[in-house]
**Q** 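Please find one structure pasted underneath; my questions will follow.
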Number of protein chains: 4
Amino acid sequence: MKPLSSKAEARIHAQRRRILLAAQQCFIEYGFHGASMASIAETAGMSAGLIYRYFESKNAIILAIVRQQLEMLRGDLSLNRKVDLAAEIAAHYGTANAQREHGMNAALLLEISAEATRDPAVAAALDEFDDTLRTGLIDWLSRPTGSGGQGLPATLAPRRALILQCLVEGLKVRETREPDLDRTLLATALHEVVPLLLAAPRK
Amino acid sequence: MKPLSSKAEARIHAQRRRILLAAQQCFIEYGFHGASMASIAETAGMSAGLIYRYFESKNAIILAIVRQQLEMLRGDLSLNRKVDLAAEIAAHYGTANAQREHGMNAALLLEISAEATRDPAVAAALDEFDDTLRTGLIDWLSRPTGSGGQGLPATLAPRRALILQCLVEGLKVRETREPDLDRTLLATALHEVVPLLLAAPRK
Amino acid sequence: MKPLSSKAEARIHAQRRRILLAAQQCFIEYGFHGASMASIAETAGMSAGLIYRYFESKNAIILAIVRQQLEMLRGDLSLNRKVDLAAEIAAHYGTANAQREHGMNAALLLEISAEATRDPAVAAALDEFDDTLRTGLIDWLSRPTGSGGQGLPATLAPRRALILQCLVEGLKVRETREPDLDRTLLATALHEVVPLLLAAPRK
Amino acid sequence: MKPLSSKAEARIHAQRRRILLAAQQCFIEYGFHGASMASIAETAGMSAGLIYRYFESKNAIILAIVRQQLEMLRGDLSLNRKVDLAAEIAAHYGTANAQREHGMNAALLLEISAEATRDPAVAAALDEFDDTLRTGLIDWLSRPTGSGGQGLPATLAPRRALILQCLVEGLKVRETREPDLDRTLLATALHEVVPLLLAAPRK
DNA sequence: TATGAATGAGCATTCATTCAT
DNA sequence: TATGAATGAATGCTCATTCAT
């Protein structure tokens with residue numbers, strides 16, 4: 001085995017990206033099981049056989065897509081800085097990102113969630129994502145306001161994190177059902193409600 | 001065409017239920033497309049051919065399951081009376097109802113939502129469900145407290161209904177991911193937060 | 001085994017006729033293989049299972065239909081009396097006899113002919129029919145004019161019989177293709193040509 | 001879509017021919033509906049799945065066979081030159097061409113005719129064939145003898161064309177029933193009769 | 001590296017036939 | 001006698017995967 005030249009490595013990487021991009025489009029349109037390898041190959045502009053040089057199986061592609069999408073979602077919701085959470089969430093709703101190469105697609109999230117109930121590898125990836133997101137949320141909620149957090153008491157933070165997580169996921173589901181939902185309504189609602197969730201209850 | 005005897009009708013009904021029950025199990029375990037007619041037949045304890053005496057196609061079974069599940073969910077969330085919404089929601093979480101014949105199954109809801117992005121008939125059923133649920137919620141929120149409602153102003157009710165709907169759906173998604181989630185944590189969180197969502201903002 | 005009362009026998013006969021009539025309609029509409037036992041049963045207004053009390057199998061029904069149709073055709077072309085053959089043939093063309101209970105149906109003849117190339121029993125029935133028809137034709141052609149024949153020399157008769165048989169069969173085929181063929185054209189053509197085929201060549 | 005290399009095109013063509021040849025054999029032996037894709041695949045020496053790379057469906061194969069056979073028949077009966085029609089027709093009878101790759105097969109013609117009563121695409125192909133054949137015949141009959149025609153009056157030609165067409169078709173049917181018919185008898189009969197059909201009636 | 005021809009297992013669906021009632 | 005529920009084998013077709021080129 002020759003060591004791979006960095007040029008060769010770059011090519012491999014590029015091909016994998018090409019395949020994943022095509023797969024993403026197909027999965028969004030037809031679902032994981034409705035999309036055929038042939039359709040992915042055609043979308044990627046390559047032969048079906050070639051895909052198997054870069055991915056072991058269709059399942060491996062699904063898993064790669066899952067990981068990629070979760071990584072994106074993690075990036076989207078980075079809570080390192082002081083954020084207007086309501087605005088962030090509202091901004092992410094329905095920005096037709098099926099075509100864009102980046103940005104978690106709502107339909108894909110459904111597909112992934114459904115697949116996780118069957119494929120243990122997908123479930124594991126989703127679990128890990130859930131954990132880091134929850135931990136991140138709890139940390140952000142409980143960190144002092146001065147450090148860019150919300151200053152919630154340690155007992156309160158996990159509860160609010162759970163609620164926020166559900167709300168965000170619920171919004172993703174809603175996105176697939178009402179892509180044309182009134183954005184102003186949504187933004188208003190979120191700006192009303194999110195602050196309530198981020199604040200400690202008044203005595 | 002002879003009129004069916006009530007006995008024959010009962011048998012037909014029973015068989016359809018047997019098939020739907022088996023289909024539900026298979027769909028939960030393998031998904032709509034992963035479950036084969038053969039697996040459904042085996043689960044139902046009958047031959048594959050017989051199923052077609054009671055359902056026109058696999059798609060018809062899927063649609064029947066979809067409608068059945070949505071009907072259940074509608075029943076679960078009936079808002080006709082004065083309810084402790086937080087308690088209701090919490091109580092519905094994760095009561096392992098895959099085996100039970102009734103009760104909306106969280107995994108199925110995912111499957112249904114994913115399928116709705118492709119199958120127009122499923123989408124229509126889901127849309128109708130969404131509409132009645134939303135309308136019901138808005139009505140309940142805006143009705144005066146005396147009539148079993150929450151007495152929210154008419155402008156506020158739609159926004160809170162949207163948020164509540166997302167929260168509930170998000171919880172259903174979460175149920176598939178964390179079936180063993182700490183119920184006390186969830187109940188506490190909901191009892192803290194739901195009242196905030198049901199109340200008009202203080203001046 | 002009790003001997004059958006003549007009443008029971010009559011019932012059996014009636015049931016068989018009912019089935020055959022229904023089968024004929026279905027076979028004309030869908031072909032021998034396209035017609036299902038269920039469709040025949042429905043057309044006959046009885047259950048599928050009951051048919052098997054009167055016929056051993058679908059193939060037996062086909063064979064019975066074949067025999068029945070050939071018997072009809074034999075009757076249609078009876079050459080016992082002095083006939084105007086051209087007029088006879090022309091008269092039989094396209095008289096929408098699909099609905100009528102009697103009269104050989106052109107589509108069925110095709111179906112039968114095709115089936116004969118595969119089913120030996122059908123082939124045998126058809127062979128026997130062919131033989132009697134040919135023999136009848138030859139006899140009629142060679143019988144003296146005084147006895148209702150055509151008075152053709154014995155060497156000539158078989159050749160003319162062959163041609164006539166082909167012509168008649170060809171007309172049956174044409175009937176399925178051009179059910180709306182101009183009858184006057186056909187009648188004129190036949191009246192021109194048939195006499196030529198029935199006459200001895202001039203010196 | 002890359003343009004196909006001529007080599008690839010040739011392969012595709014060869015495979016299609018292989019499939020059609022196999023299908024023809026199976027259709028002759030079992031009929032359009034009796035022949036299974038599996039039997040065709042086995043006869044062609046390939047897997048059933050592969051056939052679908054070259055034909056969209058079984059129906060497409062049937063239609064291709066229909067068109068091919070009609071094209072052959074059209075070629076067989078080309079009337080461009082001065083022909084001895086009786087000899088031509090006689091020569092075509094029963095030359096066991098089931099095995100040969102070319103030459104209209106009589107059994108297939110029956111199958112096609114029967115299928116035309118149900119499948120509109122087959123009916124259309126057959127109609128078109130009928131039309132061109134009839135037109136060709138009429139033209140040939142009415143063209144002056146000097147131009148290779150038969151010089152029949154314009155009013156007479158259509159009638160004789162109809163009769164000739166029926167006779168030829170009837171002979172094809174007979175071919176399936178009496179493959180061993182005495183050829184001399186047939187040739188003699190045709191040579192006696194065809195000239196009568198091609199001549200204007202004597203005053 | 002890249003192709004796409006080829007496979008074979010699997011799928012939904014149909015249907016002649018049987019049999020308990 | 002009559003029903004129609006039930007079976008099981010077969011059918012047309014799809015698709016992930018392999019492999020000769």
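Note that the structure is a prediction, hence the values are computed from the model and not measured. Residue numbering restarts at 1 for every chain, and letters A, B, ... go by the order of the sequence lines.
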**Q** With a 4.5 Å heavy-atom cut-off, do Gln15(C) and Arg53(C) have their side chains touching?
**A** no

**Q** Is the phosphate of dA6(F), meaning OP1 or OP2, less than 4.0 Å from a side-chain N or O of Gln15(B)?
**A** yes

**Q** Does DNA chain E take part in any stems of at least 3 consecutive Watson-Crick or G-U pairs (both distances under 3.5 Å), and if so, which ones?
**A**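 As far as DNA chain E goes, consecutive pairing (with distances under 3.5 Å) yields the stems E:2-21 with F:2-21.
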
**Q** What is the distance from CD1 of Ile40(C) to C1' of dG4(F), rounded to the nearest Å?
**A**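 Between C1' of dG4(F) and CD1 of Ile40(C): 17 Å.
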
**Q** Select one nucleotide: of dG4(F), dT3(E), dA6(E), the one nearest the side-chain heavy atoms of Arg11(D).
**A** dA6(E)

**Q** Can a donor-acceptor pair be found, under 3.5 Å and without considering hydrogens, that links the side chain of Arg118(C) to the backbone of Gly34(D)?
**A** no

**Q** In whole angstrom, give the distance that lies between atom OH of Tyr30(B) and atom P of dC11(E).
**A**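 Between P of dC11(E) and OH of Tyr30(B): 11 Å.
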
**Q** Find out whether Arg16(A) and Phe55(A) are in side-chain contact, i.e. whether some heavy atom of one side chain is under 4.5 Å from a heavy atom of the other.
**A**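 Answer yes - side chains close enough.
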
**Q** Name the one of Val122(D), Leu109(D), Asp119(D), Ile61(D) that satisfies side-chain contact (heavy atoms from CB on, under 4.5 Å) with Val66(D)?
**A**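 The single option meeting the side-chain contact (heavy atoms from CB on, under 4.5 Å) with Val66(D) is Val122(D).
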
**Q** Using modelled atom types only, decide if a donor and an acceptor are shared between the side chain of Lys58(C) and the backbone of Ala35(C) within a distance under 3.5 Å.
**A**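 Confirmed, Lys58(C) side chain pairs with Ala35(C) backbone.
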
**Q** Got a sec? Which of residues 118-126 of chain B come in under 4.0 Å of DNA chain E, heavy atoms?
**A** none

**Q** Please test Phe32(A) against Leu108(A) for side chain to side chain contact (heavy atoms under 4.5 Å, CB included), starting from the C-alpha separation and ending with a verdict.
**A** CA-CA 9 Å; Phe32(A) 285 149; Leu108(A) 264 183; 4.0 Å; yes

**Q** Tell me, do Phe27(B) and Asn105(B) make a side-chain contact under 4.5 Å, heavy atoms counted?
**A**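 They are not in side-chain contact.
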
**Q** Whole angstroms only, please: what is the CZ-C1' distance between Arg16(B) and dA6(F)?
**A**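 Atom CZ in Arg16(B) sits about 18 Å away from atom C1' in dA6(F).
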
**Q** Phosphate oxygens OP1/OP2 of dT1(E): is one of them under 4.0 Å from a side-chain N or O of Arg53(A)?
**A** yes

**Q** Taking Glu111(A) for its side chain and Gly31(A) for its backbone only, find out whether a donor-acceptor pair lies under 3.5 Å.
**A** no

**Q** One character per nucleotide, please: for nucleotides 13-21 of chain F, 5' to 3', B when the base has a protein heavy atom closer than 4.0 Å, S when only the sugar-phosphate does, - otherwise.
**A** BB-SBB---

**Q** Is Tyr54(B) touching bases, backbone alone, or none of the nucleic acid, heavy atoms closer than 4.0 Å?
**A** sugar-phosphate

**Q** So does His13(A) get a backbone contact from the side chain of Arg18(A), meaning a donor-acceptor N/O pair under 3.5 Å?
**A**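 No, because the side chain of Arg18(A) does not come within donor-acceptor range (under 3.5 Å) of the backbone of His13(A).
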
**Q** Which nucleotide wins on minimum distance to the side chain of Ser47(B), given the candidates dG8(F), dA5(F), dG4(E)?
**A**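 In terms of side-chain proximity for Ser47(B), the closest of dG8(F), dA5(F), dG4(E) is dG8(F).
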
**Q** Quick one: does Gln24(C)'s side chain get under 4.5 Å of Gln68(C)'s, heavy atoms only?
**A** yes

**Q** Return the value, rounded to whole Å, for the distance between atom CD1 of Ile12(B) and atom C1' of dG4(F).
**A** 10 Å

**Q** Between Arg67(D) (side chain) and Ala125(D) (backbone), is there a donor-acceptor pair under 3.5 Å?
**A** no

